[in-house]
Amino acid sequence: MHNESKPVWWRTAFLIALGLTLAGSGMLAQAATTLLNVSYDVTRELYKEINPAFIKSWETKTGEKLAINQSHGGSSKQATSVAGGLEADVVTMNQSTDIDLLVGQGGLVAADWEKRFPFGAAPYTSTSVFLVRKGNPKAIRDWGDLARPGVAVIVPNPKTSGNGRYTYLAAWGYAVHKGGNEGQARDFVKRLFANVPVLDGGGRGATTTFTQRGIGDVLVTFENEAALIDKEVGGDKFDIVYPSASILAEAPVAVVDKVVARKGTRKQAQAYLEFLYSAEGQDIIARHHFRPRNEAVLKKYARDFPSLKLFTVESVFGSLAKAQKVHFDDNAIYDQIVIANYRERK
Amino acid sequence: MSVASATSVASPRRVLPGFNLTLGYTLVYLSLLVLIPLAAVFIKTASLSLDQFWAVISSPRVVASYKLSFGASLLAAAINVVFGLLLAWSLVRYRFPGKGLVDSLVDLPFALPTAVAGIALTAIYSANGWVGRIIEPHGIKIAFTPLGVLVALIFIGLPFVVRTVQPILQDLEKELEEASASLGASRWQTFRFVVFPALLPALLTGFALAFARAVGEYGSVIFIAGNMPMVSEITPLMIITKLEQYDYVGATAIAVVMLLASFVLLFAINMLQGWTARRSGRDR
């Protein structure tokens, strides 16, 4: 009994030690190649599909096993977290201003980040479209209809939401593209926002207000969100309406230089973001209703992406940073418009 | 001899030892968790000049939000004092089936994530919700109006009043009321002159807690408020919008105003509470 138990004991100890060593080395290997992608709110489902695809492609190419973690939240809040020390290898946002912030914060991101990947470092785009009640009872066809008296428009708060800011900029850009001067654009946007009864904090909140609370005749939101509502809530309740023109909302990505330099993950982070531009990555992107940059993929999914005139933020406003300053900062044009609307209602 | 007696009067012997240890611990703990973060708010704000600070905190939109935040919080706390007392009274004085259930329901607003509370309340009080459907045709709008803010603040503040009043009510001797009645007092007089003074300190504590919670509340209010400028924007939303613009200093400036106003109000309530406690002989 005694003689037998001793070797068993030793074997067990050996196995445990071996197990610990393996686990330890496994953990070390994993720690060396774990990427953290800090992203905005509605990309959760997208990256759930991108990550395994990239991990597989990276392993077949290099033999290295990667793990990718995700963090999601409001775009600006996420950028603030990274600036505050959240160890993101890459950031994938929906506004260039959120990445500009990281350039300003001790150069976490290189100043020329927009030139480091194709298409201004934005692998996909979206645009602001309309969701109306089934049958379009208020006959809403274009931006002009949103400013009509008696139409209730649901828009997320431009002060707290990128989605809301793009809606505002799209409406302004539409007025400019119709040949309006600044005063006319301002008047148009003012009349549109006079029709807004509720300002939800973010895109999802606006969706809930429109679909669940039954408030408003039209919801202005990103194309991917509209497609998702159509799929999730049911196509028999709502119709998607494409205006004649809208804004090109570019979703920028960047490698966080300071972090990858310290962690030694630059190669992997770079490849991860490049993967978003690959045919496979672009296909996944298109399936999540974001407009791919790849022409072939765009053609394949043409049915999901009706063509409309898309204007960039740069062409109308110079840059998103400038638009933020002129339109959305405290007491800038948006604030002046909503205060004026409030005074007129009184 | 006289010296010894003087010191013994100044510091009576405590039954439990460790005064220095506990006081030291209290100070360190409070500093780390409360004072240092709050000091950081003040230091960050100090980078503004007085004129800039004033411009931030006195802009019309921010002022409108103070009125809503502090007004609705005070009103909600006052309503909670009345109905919280009623609730606590029924829970302590009466026996009815399902009492245990009701008792634990009171704590639910403590436990519920505030976003869930906000979405649930909005769902019920909006035009197509259970309650909204009934009252909206009568011209009363709750969801997406300042009234909705009030409803949310009442909801989150309720347990504070119930839970502070309940133990005092339990300790209140029935004999006092019986004595009062046998001395010829009417039911109202018994409540007014016997029960109410004994409960007042606890009610004030409950009021202060419910108010403090309501002023800082963001999660639940944001869903039901509608967030229209000048009408239904709460002060915490003004702070969040500043943060969205990466205007940290502006955000802390508003936070300083909230902190100071809350501190003054809470301090006043606490003084009042101490005064009523001494008057009713419940000083502890």
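The sequence lines fix the lettering, A, B, ..., with proteins before strands; numbering per chain opens at 1. If you're wondering where the values come from, they're calculated on a predicted model, not measured in any experiment.
At a 4.5 Å heavy-atom cutoff, the contact between B:T122 and chain A is made by backbone and side-chain atoms alike. With a threshold of 4.5 angstrom between heavy atoms, B:A123 approaches chain A through its backbone and through its side chain. For chain A, the nearby part of B:L237 is the side chain; its heavy atoms alone come within less than 4.5 Å.
Inspection of non-hydrogen atoms places A:T97, A:D98, A:L101 of residues 92-102 of chain A under 4.5 Å from chain B.
Residues A:D330 and B:D247 are in side-chain contact: their nearest non-hydrogen atoms beyond the backbone lie under 4.5 Å apart. Counting heavy atoms from C-beta on, the side chains of B:S59 and A:D335 never come closer than 4.5 Å. Between A:R345 and B:M228 there is a side-chain heavy-atom pair separated by less than 4.5 Å. For the pair A:T208/B:F223, no side-chain contact is recorded, criterion being any heavy-atom separation below 4.5 Å from C-beta on.
Enclosure of atom CD in A:E45 by more than 12 non-hydrogen atoms of other residues, nucleotides or ligands within 6.0 angstrom is indicated. Taking a 6.0 Å sphere around CZ of B:F110, one finds it holds more than 12 heavy atoms contributed by other residues, nucleotides or ligands. With a 6.0 Å radius and a threshold of 12 heavy atoms from other residues, nucleotides or ligands, B:Y248 has its OH atom above the threshold. Other residues, nucleotides and ligands contribute more than 12 heavy atoms inside 6.0 Å of the CZ atom of B:F42. Around the CG atom of B:L32, the shell of radius 6.0 Å holds more than 12 heavy atoms that belong to other residues, nucleotides or ligands. Within a 6.0 Å radius of NZ in A:K190, more than 12 heavy atoms belonging to other residues, nucleotides or ligands are found.
The nearest pair of heavy atoms linking B:N128 to A:G214 is ND2-N, 3.6 Å. The minimum heavy-atom distance linking A:F328 with B:Q245 is given by the pair O-NE2, 3.7 Å. Taking all atoms of both residues into account, the shortest heavy-atom contact from B:N227 to A:G201 is ND2-N, 4.2 Å.
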Next on the checklist: Could you go through A:T160 and B:I240, starting from their C-alpha distance and side-chain angles, then the distance that decides it, and tell me whether this counts as side-chain contact (heavy atoms from CB on, under 4.5 Å)?
Outcome noted: CA-CA 7 Å; A:T160 55; B:I240 298 278; 4.3 Å; yes
Checklist entry - Step by step, would you call B:E244 with A:S76 a side chain to side chain donor-acceptor pair (under 3.5 Å)? => result CA-CA 6 Å; B:E244 283 282 324; A:S76 303; 3.2 Å; yes
Next on the checklist: Pair B:I119, A:Q212 - check side-chain contact (heavy atoms from CB on, under 4.5 Å), show working.
Outcome noted: CA-CA 10 Å; B:I119 292 170; A:Q212 306 299 311; over 6 Å; no
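Partners of B:F211 by ring-ring contact (aromatic ring centres under 6.0 Å, His included), not counting sequence neighbours: none found.
Among A:R213, A:Q324, A:K159, A:R343, the residue making the largest number of heavy-atom pairs under 4.5 Å with chain B is A:R213.
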